[in-house]
There are 2 protein chains.
Amino acid sequence: METQIGHIASLIGDPVRALILWTLLDDKAYTATELAISANTSPQNISMHLSKLVQADLLTVERQGRHAYYRFSKQEVAYAIEAIANLVPVEQQKKIVHSKHNAAIKHCRTCYDHLAGNMGVSIADSLLKQAVIIEKGKQFELTTKGAKWFLQLGIDTKELQQQRRIFLKPCLDWTERRYHIAGSLGASLLDTMLAADWVRRTKNSRAIVITAAGEKKMREYFR
Amino acid sequence: METQIGHIASLIGDPVRALILWTLLDDKAYTATELAISANTSPQNISMHLSKLVQADLLTVERQGRHAYYRFSKQEVAYAIEAIANLVPVEQQKKIVHSKHNAAIKHCRTCYDHLAGNMGVSIADSLLKQAVIIEKGKQFELTTKGAKWFLQLGIDTKELQQQRRIFLKPCLDWTERRYHIAGSLGASLLDTMLAADWVRRTKNSRAIVITAAGEKKMREYFR
DNA sequence: TTCATAGTTAAGTTCAAATTGAAGTGTCAA
DNA sequence: TTGACACTTCAATTTGAACTTAACTATGAA
């Protein structure tokens with residue numbers, strides 16, 4: 001029995017696999033490529049790791065066409081990971097608080113040209129909280145503080161406002177049923193994040209993956 | 001955070017450390033040497049592993065004279081290990097049942113010259129169940145089947161019965177408040193187990209440690 | 001004091017497991 | 001049918017962590 005426990009624990013213990021499991025903690029299915037990006041490793045390597053996790057029945061695969069979707073095989077896997085997370089020494093726990101928020105924004109999609117899904121909604125929330133934007137009636141408005149905030153990211157809001165396209169508007173996300181930022185401002189926010197490699201597009205789908213570097217930066221800017 | 005989880009999991013994941021943690025699961029304190037014996041490795045090596053576990057705050061040490069007593073630093077450690085144990089595939093779960101019994105007999109002592117404590121009581125129970133011995137009034141009696149059983153272990157019961165010393169009697173263990181096997185039969189059972197390296201005496205105490213090999217054998221003979 | 005024991009520390013070796021590189025299978029779209 | 005893509009497999013390489021050998025500290029008993 002000790003042997004089996006050791007085996008399971010060592011599976012969770014590898015840095016790459018820990019990242020995989022952490023990513024899957026939102027209980028959604030991810031493709032091998034998505035996981036490779038978020039764990040920052042090669043496709044061959046992620047494939048090797050995933051097959052080990054499947055063999056130990058921590059994960060299951062579902063194959064659809066040329067994609068392989070990986071997810072937890074049972075809830076108990078998440079429980080075990082949370083129990084381990086619970087052992088992380090207190091000095092290092094500050095990071096957990098942010099990470100929990102992170103976990104919530106892990107799954108995200110693009111809505112036409114701007115960020116939607118959990119992530120888009122979370123970003124909109126954060127910007128409202130930081131008074132970068134404010135709600136006016138059924139619209140969003142940029143504050144003067146907000147203009148400076150976007151300038152930090154290299155986004156010139158004055159220039160965007162002169163374009164013909166609608167500058168800023170709330171967009172209702174049908175999965176979240178809450179608002180996120182659309183319009184030219186939302187689009188250039190996404191462009192900036194893609195350019196800075198905070199997030200990457202996956203081919204053939206509207207899914208977006210957050211890179212390791214992006215996670216840090218987003219914590220900084222969106223709390 | 002993922003990194004921390006990976007770190008903790010890899011600490012649990014090492015075979016030797018998994019054995020240490022499994023041993024400590026009864027929530028008692030063990031010395032380094034006791035743990036070295038039950039994990040079947042060298043003192044230097046166990047010391048290295050223990051210091052890692054202490055540094056990660058999974059264990060705490062208490063030093064008394066020249067002994068170092070190790071125990072879980074908090075209950076959460078046991079929870080995490082149980083959560084991982086919970087992930088062991090069903091085909092391999094049969095072993096758990098035995099192991100739970102095992103955990104129960106892990107802590108044991110000697111009573112004069114025979115096995116007492118949890119282990120002594122468990123062995124007595126097993127021998128009664130297997131009809132190696134039977135209860136007659138307030139005494140134990142060896143069955144003919146039992147004589148053969150002891151012969152398997154290389155113990156000649158006929159010879160023992162001719163000695164002046166009392167052959168077989170129940171002995172009440174004050175910690176367990178239940179009976180175990182004393183008399184010359186109990187003594188030679190312990191001798192045999194020591195000779196076969198199923199268990200070892202620790203110096204300076206009445207404690208007895210079960211070796212890895214002993215665990216297997218005892219499962220075989222005592223179920 | 002001397003000797004044995006419990007435990008730790010440090011340097012060197014060994015080995016298993018992650019990674020990389022190269023190549024192959026199957027799917028989808030032009 | 002061709003090429004791009006998603007994923008996997010296999011051999012070759014690298015590397016990090018466990019283990020070993022050796023030496024040292026501290027406690028306790030003769």
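Proteins come first, then strands; the chains are lettered A, B, ... in the order of their sequence lines, and each starts at number 1. Only a predicted model underlies this, so the values are computations on that prediction, with no experimental measurement involved.
Place A:T41 and A:G65 on DNA chain C by their nearest nucleotides, and A:T41 ends up nearer the 5' end.
The number of heavy atoms from other shown groups lying within 6.0 Å of CD (A:Q55) does not exceed 12.
The interatomic distance linking B:N40 (CG) with D:dC19 (P) rounds to 11 Å, in whole Å. We find that CD1 of A:I46 is positioned 12 Å from P of C:dA18, with the value rounded to whole Å. Rounded to a whole Å, the CE atom of B:M48 is 19 Å from the C1' atom of D:dC24. As rounded to whole Å, 15 Å separates atom P of C:dA6 from atom CG of B:L50. As a whole-Å value, the separation of A:L19 CG from C:dA18 P is 14 Å. For the pair A:H67 NE2 and D:dT8 C1', the interatomic distance rounds to 15 Å; values are reported in whole Å. Spacing between atom CG of B:D14 and atom C1' of C:dC15 amounts to 14 Å, rounded to whole angstrom units. Atom CD in B:Q64 sits roughly 16 Å away from atom C1' in D:dA26 (whole-Å rounding).
Side chain of B:S73 to backbone of B:D57: a donor-acceptor contact under 3.5 angstrom is found. Looking only at distances, a side-chain donor or acceptor of B:T23 sits under 3.5 Å from a matching main-chain atom of B:L19.
Of all nucleotides listed (D:dA18, C:dT8, C:dA22), C:dT8 comes nearest to the side chain of B:S47. If you check D:dA18, C:dT8, C:dA17 against the side chain of A:K52, the one that comes closest is C:dA17. The side chain of B:R66 sits closest to C:dT5 out of C:dT5, D:dT8, D:dC19. Which of D:dA18, C:dT8, C:dT20 sits closest to the side chain of B:R63 comes down to C:dT8. The side chain of B:Q44 lies closest to C:dT9, out of C:dT9, D:dA18, C:dT20.
Backbone-only engagement by A:Y70 is indicated by non-hydrogen atom pairs under 4.0 Å involving sugar-phosphate atoms exclusively.
Put simply, the side chain of B:Y221 does not reach to within 4.5 Å of the side chain of B:I123, judged on heavy atoms. Within the 4.5 Å cutoff, the side chain of A:K52 has no heavy atoms near those of the A:L58 side chain.
B:N45 has no side-chain polar atom (N or O) that falls below the 4.0 Å cut-off from OP1 or OP2 of D:dA18. A sub-4.0 Å separation between OP1 or OP2 of D:dC19 and a side-chain N or O of B:H49 is present.
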